[in-house]
Amino acid sequence: MIPETPSVLIPEKEIRHRVGELARQVSADYDKAEELLLVGVLRGCFIFLADLSRLLTVPRRIDFMALAAYGQNAATSGAVRLIMDLRTNIAGKHVLIVEDIVDTGNTLEYLLDILLPRKPATLKTCVLLRKRERLEKDVKIDYLGFDIPDLWVVGYGLDYADRHRALPYIGVVENEGKGISR
Ligand code: 5GP
């Protein structure tokens with residue numbers, strides 16, 4: 001079977017432009033901060049974080065967390081667990097969570113819940129994509145790339161069953177259902 005080529009939802013050029021805008025906004029906001037700690041949520045963040053972090057003009061460090069979904073429908077049931085924690089002690093630090101996509105908001109809420117008690121100086125969120133109509137949680141997104149419709153998207157780090165992550169654009173795979181990996 002020939003793998004389907006995802007149709008384009010957000011072209012590469014538009015992503016590059018928007019990530020540039022986000023980087024300028026973040027750089028301006030953290031201009032006075034001694035250092036910013038970018039926390040990438042694996043695996044979907046890896047391309048967004050790579051691009052964003054290289055465009056920032058403020059001193060920054062990078063660390064990662066990894067989450068796993070519980071069970072088959074976990075990507076939409078909201079049940080998540082931590083499988084890799086930060087190596088950095090974030091107390092007193094300016095922390096920016098970098099997420100690929102917010103769907104129901106459960107994952108971001110979970111992250112905020114475990115990071116806030118660690119007493120960072122500030123804790124903000126930078127999200128490339130949001131499915132506004134699917135949101136169930138009142139999570140604050142400080143920097144948002146795009147609002148998208150309720151479709152399963154792939155590319156630019158996002159997968160369907162571990163495929164399509166390296167696509168340079170955000171695409172939609174018409175004939176595949178919803179994946180669960182991160
Ligand atoms: P939440 O519902 O907790 O906001 O999102 C759960 C997770 O499901 C996201 O972090 C992401 O890993 C995954 N997810 C949600 N929607 C999509 C999508 O359209 N495509 C991909 N590849 N992953 C998604």
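Indexing begins at 1, ligand by ligand and atom by atom, following the structure's order. Count residues from 1 along the sequence.
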Numbered in order shown, the ligand 1 atoms found under 4.0 Å of a heavy atom of Ile101 are 9 (C), 10 (O), 11 (C), 14 (N), 16 (N), 17 (C), 18 (C), 19 (O), 24 (C)
Leu151 heavy atoms within 4.0 Å reach ligand 1 at atoms 19 (O)
inquiry  = Once you measure the plane-to-plane angle for His94 and Tyr30, does it fall in the parallel (<30°), tilted (30-60°) or perpendicular (>60°) bin?
reply    = perpendicular
Per side-chain contact (heavy atoms from CB on, under 4.5 Å), Tyr110 is matched among Asn106, Ile114, Asp113 by Ile114
_Walk me through whether Lys93 and Asp63 qualify under salt bridge (charged side-chain N to carboxylate O under 4.0 Å, His left out)._
CA-CA 13 Å; Lys93 303 223 162 77; Asp63 202 345; over 6 Å; no
*asked:* Quick check: Tyr160 and ligand 1, any N/O pair under 3.5 Å apart?
replied: no
Note: ligand 1 atoms sitting under 4.0 Å from heavy atoms of Thr104 are 1 (P), 2 (O), 3 (O), 4 (O)
Do any nitrogen or oxygen atoms of Gly105 come within less than 3.5 Å of a nitrogen or oxygen of ligand 1?
-> yes
Quiz item: Transitively linked via ILVMFWY side-chain contacts under 4.5 Å: Ile141 with Leu116?
Solution: yes
For Leu158, the atoms of ligand 1 under 4.0 Å from one of its heavy atoms are 21 (C), 22 (N), 23 (N)
If we number the atoms of ligand 1 from 1 as shown, the ones under 4.0 Å from a heavy atom of Asp159 are 21 (C), 22 (N)
Salt-bridge present (Glu21, Arg24; N to O < 4.0 Å): no
If we number the atoms of ligand 1 from 1 as shown, the ones under 4.0 Å from a heavy atom of Lys131 are 16 (N), 17 (C), 18 (C), 19 (O)
Taking every heavy atom of Glu14 against every heavy atom of Phe146, the minimum-distance pair comes out as O-CZ, 3.7 Å
* Please confirm whether Val153 comes within less than 3.5 Å of ligand 1 when only nitrogen or oxygen atoms on both sides are compared. => yes
message = Hydrophobic cluster membership, with links at side-chain heavy-atom distances under 4.5 Å among I/L/V/M/F/W/Y: are Val41 and Ile83 in one?
response = no
